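Presented below is the structure to which this report refers.
Small disclaimer: the values here were computed from a predicted structure and weren't measured. In each ligand, atom 1 is the first atom listed, and ligand 1 is the first ligand listed. Note: hydrogens, waters and symmetry copies are ignored here, and every other heavy atom, side chains too, is used.
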Amino acid sequence: MKVEYFTEVASTNDVARNGTYGHGDVVVAEVQTAGRGQRGNRWESARGANLTFSVVLKPTFLPVADQFLLSEAVALAVADTLGEYGIEARVKWPNDIYVDGNKIAGILIENDIMGVTMARSVAGIGLNVNQTEFDPSLPNPVSMKLAADRDFDCREILGRFLGALSARYETLASGDRGPIICDYHRLLYRLGEPARYTLPDGTIITATIEGVRPGGELLLRHADGSIGEYLFKEISYS
Ligand code: BTN
């Protein structure tokens with residue numbers, strides 16, 4: 001396992017996917033010039049203030065149909081790490097990390113598959129650490145410093161995260177999915193709370209999160225009592 005630090009890269013996910021990194025290797029950047037987020041968004045992060053890194057994993061034991069468990073394990077490892085610093089985090093489906101209703105970290109996982117099992121996953125994580133001023137276009141950013149009112153050491157946080165990820169990954173590799181599914185639901189943002197969601201055609205609905213299916217689909221109870229299953233591209237939070 002190697003941890004490589006770069007002063008500047010386009011995206012740590014792109015570097016980590018270039019074929020020279022093995023299981024457990026980590027690519028860290030002080031700044032990304034083209035950091036990528038979910039839904040085609042950019043990930044902006046002030047130079048040197050935060051953690052932007054990618055971890056290469058080779059979960060060849062994991063069936064493709066169960067790949068969401070890996071996403072859950074990575075999200076939980078971020079939440080576990082924040083918990084070690086006394087910051088209580090929640091997971092906003094599918095894998096945003098929230099503190100008091102604000103986004104503290106984002107995760108972008110890019111998978112390669114081989115037949116019916118996973119071949120490689122590159123888990124890219126952007127964690128806001130010491131940044132206190134953000135682009136006004138961002139809806140609700142927060143950082144560890146804003147949450148805890150002190151500065152943090154990014155390298156130390158990375159070390160703790162890698163420990164937390166290793167523990168979650170070992171659980172997954174052992175075939176014991178229970179703790180991951182249970183902890184993911186325990187930390188699920190808005191579970192059981194009625195809230196508004198937007199469908200792809202712009203319709204806004206009020207519904208309540210009932211849970212997340214093993215395949216990663218969000219389960220929502222509608223106002224009429226029916227349950228709907230939604231993929232990531234089929235729903236967004238209003
Ligand atoms: C999101 O919330 O939209 C996901 C953001 C993921 C950002 C991280 S930063 C490190 C890695 N490299 C990237 O280009 N993106 C991820």
- Item | Spatial distance of atom OG (S121) from atom CZ (R17) [nearest 0.5 Å] | 10.5 Å
- Item | By side-chain hydrogen bond (donor to acceptor under 3.5 Å, both in side chains) - contacts of N128 (at least two apart) | none
- Query: Protein residues near ligand 1, heavy-atom distance below 4.0 Å?
  - Reply: S11, T12, N13, Q32, G35, R36, G37, Q38, W43, T52, F53, S54, D96, K103, G106, I107, L108, G124, I125, G126
- Query: Does the side chain of D135 come under 3.5 Å of the side chain of S137 through a donor N or O and an acceptor N or O?
  - Reply: yes
- Item | Partners meeting side-chain contact (heavy atoms from CB on, under 4.5 Å) with T60 (sequence neighbours left out) | none
- Message: Would you call the rings of F68 and Y184 parallel, tilted or perpendicular, taking 30° and 60° as the class edges?
- Response: perpendicular
- Task: Mind jotting down which residue pairs meet the ring-ring contact (aromatic ring centres under 6.0 Å, His included) criterion with at least one end in residues 18-50? Sequence neighbours excluded, please.
- Result: H23-Y169
